[in-house]
Number of protein chains: 2
Amino acid sequence: MAIMDDIDSAIVRELQTDARQTNRELAARIGIAPSTCLERVRALKARGAITGYHAEISLPALNRHVQALVAVQIRPLSRAVIDDFKTYLYGLPEVLSAFILAGGDDVLVHVAVQDVEALHAFLMDRFTKRREVVSFRTSVIFEHTRNRVVAPLGEPRA
Amino acid sequence: MAIMDDIDSAIVRELQTDARQTNRELAARIGIAPSTCLERVRALKARGAITGYHAEISLPALNRHVQALVAVQIRPLSRAVIDDFKTYLYGLPEVLSAFILAGGDDVLVHVAVQDVEALHAFLMDRFTKRREVVSFRTSVIFEHTRNRVVAPLGEPRA
DNA sequence: CGCTGCCGCCGAATTATGTTCGGTGCACCT
DNA sequence: AGGTGCACCGAACATAATTCGGCGGCAGCG
C-alpha cells in the first residue's frame, strides 16, 4: 500500500484534478502507453489507494446557500452513544461531513442548508431535541476552500 | 441555476456516487437515452451545477496517518490579512481545506500529516511563526465521515 | 561473468463507448 | 384546432477502452 512511484503519483495527481479525462489523455499527459496507464489505474484502485471518483456539485445549485460548522458535546461519551449519533447524522441530508474529535468538543458537524432560517430550524429540530447532545456552538462559514490535489508526504520516492 | 428536475437530480446523485461510470451506464440506470443523458450532463456542467470530477485518494496511501483540525485566531482581522493567510495555507501540502468562520475562531484548518510528530513540527513551523496568528487550538481527528451524495434541498421538484 | 526467469511496458486488434444529427412526438400557446 | 418550440430518441460515425502477445531490462543464480 505504501509503494507508489512517480508514475503513480502523477496518475493520482491528474485524477484528482479531473477524474473524467480519458485514459488516453491521462497516459499522454504522463508519458506512458494507454494500456500501461489503464493497468496502473486499476492497480491503484484495487490496492485501495484510489477509493472512488466523485462529481463535485455546486451547493447553491442544490439550493444550499448557507454553510455552518457545529461543535457538539456528547454525554455520556461512550462508543455506543457516539456511534448512534454518527448514524443519526449520516441520515440527515443537511450534513456534509462529521469529525469525531479528541479534545474540547466531541463532534464537529459540517452542514449546508438553504438559508439562515433553515439553519436555525435545523439546529432546533435536530440537535436541541437529542438527549446525548449537552451543548453545541454554531459558526457560520463565510468561505470554504479545498485543496483538491493531495500529494504523498514524507520520503517522496518510495 | 435553480432549475433541476428529477432527471438532473438522478444524474447528480449517480455522478456523486461514481463519476467514472460510462455515459451509457448512467443513462440506463436513470432510464433515458445515452444521447439525452450526455446532453443533460453537459448542461449541468455548463450551468455550473457540476463543478468538477475528482478522484478520492486514501490518505494513508499518501503517507498521511494523522488528521487534525486547527482553530486559528487572526489579528488584525482585515480582509488583506485573511486573504494572505488563505493564500499561505493553500500553498502548504499538509492542508486539506480551510474554513473562514464567523464567531469565536476566525479560521479552521483541516490538515493531514504523516504522524503526531509531523503534526507537532507542522504547527510549530507553520503557525507559531506567523505574526497574524495570535492563537490556535488543535484537535486530533479520530474519524472523519463524509456524506458523498448531496441532494437538492427545499421544494424537491422544481 | 553470463544465463535465465520474471516483471512491466508497449502497440495493434477487438470491443465498447462517446458524440453528432436529423427526425418525431408532446405540450403549450394562441 | 392549428402551429411552434423543445426535449428526447436512435442510428451512424468517430473515438476510446480493453485485451493480449511479445519485447526489453533487471535481478538473481549458477
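FYI, side chains are in, hydrogens and waters are out, and symmetry mates aren't considered; it's all heavy atoms of this structure. So that the names make sense, note that chain A is the first sequence line, chain B the second, and so on, each numbered from 1.
When each of B/L38 and A/I32 is assigned the nucleotide of DNA chain C with its nearest heavy atom, A/I32 is the one assigned upstream, toward the 5' end. The residue among B/T22 and A/G31 whose nearest nucleotide of DNA chain C is located toward the 5' end is A/G31.
Counted within 6.0 Å of NE2 on B/H120, heavy atoms from surrounding residues, nucleotides or ligands total 12 or fewer; the atom is thus considered open.
Judged as a side-chain hydrogen bond (donor to acceptor under 3.5 Å, both in side chains), and not counting sequence neighbours, the contacts of A/D105 are A/R137.
A cation-pi geometry, defined here as NZ or CZ lying under 6.0 Å from the six-membered ring centre and within 45° of its normal, holds between A/R130 and A/Y88.
Rounding to whole angstrom units, CD of residue A/Q21 and P of C/dG18 are separated by 16 Å. Atoms CG (A/N23) and C1' (C/dA16) sit 14 Å apart, rounded to a whole Å. Regarding A/R24, its CZ atom lies at a distance of 16 Å from the P atom of C/dA16, rounded to whole Å. One can place NZ of B/K45 at 13 Å from P of C/dG18, the figure rounded to the nearest angstrom. Rounded to an integer number of Å, the gap from A/I7 CD1 to C/dC9 P is 6 Å. Counting to the nearest Å, the C1' atom of C/dC9 and the CG atom of A/D6 are 16 Å from each other. For the pair A/L44 CG and C/dG8 P, the computed distance is 13 Å after rounding to whole Å.
Contact annotation for A/S35: base contact, defined as any heavy-atom pair under 4.0 Å involving a base atom. Among the protein residues, B/R42 comes within range of the sugar-phosphate backbone only, with heavy atoms under 4.0 Å from sugar or phosphate atoms but none that close to a base.
Nearest to the side chain of A/A33, among C/dT20, C/dG11, C/dT17, sits C/dG11.
Each of A/I141, A/L69, A/L92, A/L119 was compared with A/V111 under the side chain to side chain contact (heavy atoms under 4.5 Å, CB included) criterion, and only A/L119 meets it.
Considering only side-chain N and O atoms, A/T36 lies under 4.0 angstrom from the phosphate OP1 or OP2 of C/dC10.
B/R148 places none of its side-chain heavy atoms less than 4.5 Å from the side chain of B/Q16. Residues B/L123 and B/V70 meet the side-chain proximity criterion, which asks for heavy atoms closer than 4.5 Å.
Contact check on B/K86 versus A/E143 returns a salt bridge, with a Lys/Arg side-chain nitrogen under 4.0 Å from an Asp/Glu carboxylate oxygen.
With a cutoff of under 4.0 Å to any heavy atom of chain A, the contacted region of DNA chain D is bounded 5' to 3' by D/dA16 to D/dT19.
Relative ring orientation between B/F99 and A/H144 is described as parallel, the plane-to-plane angle staying below 30° on a 0-90° scale split at 30° and 60°.
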Exercise. Go through B/E132 and B/R75 one step at a time and tell me if the salt bridge (Lys or Arg N to Asp or Glu O under 4.0 Å) criterion holds.
Key: CA-CA 5 Å; B/E132 70 269 45; B/R75 289 297 120 83; over 6 Å; no
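Rounded to 10 degrees, the angle separating the terminal axes of the helix from C/dC1-D/dG30 to C/dT30-D/dA1 is 30°, with each axis obtained from five end pairs.
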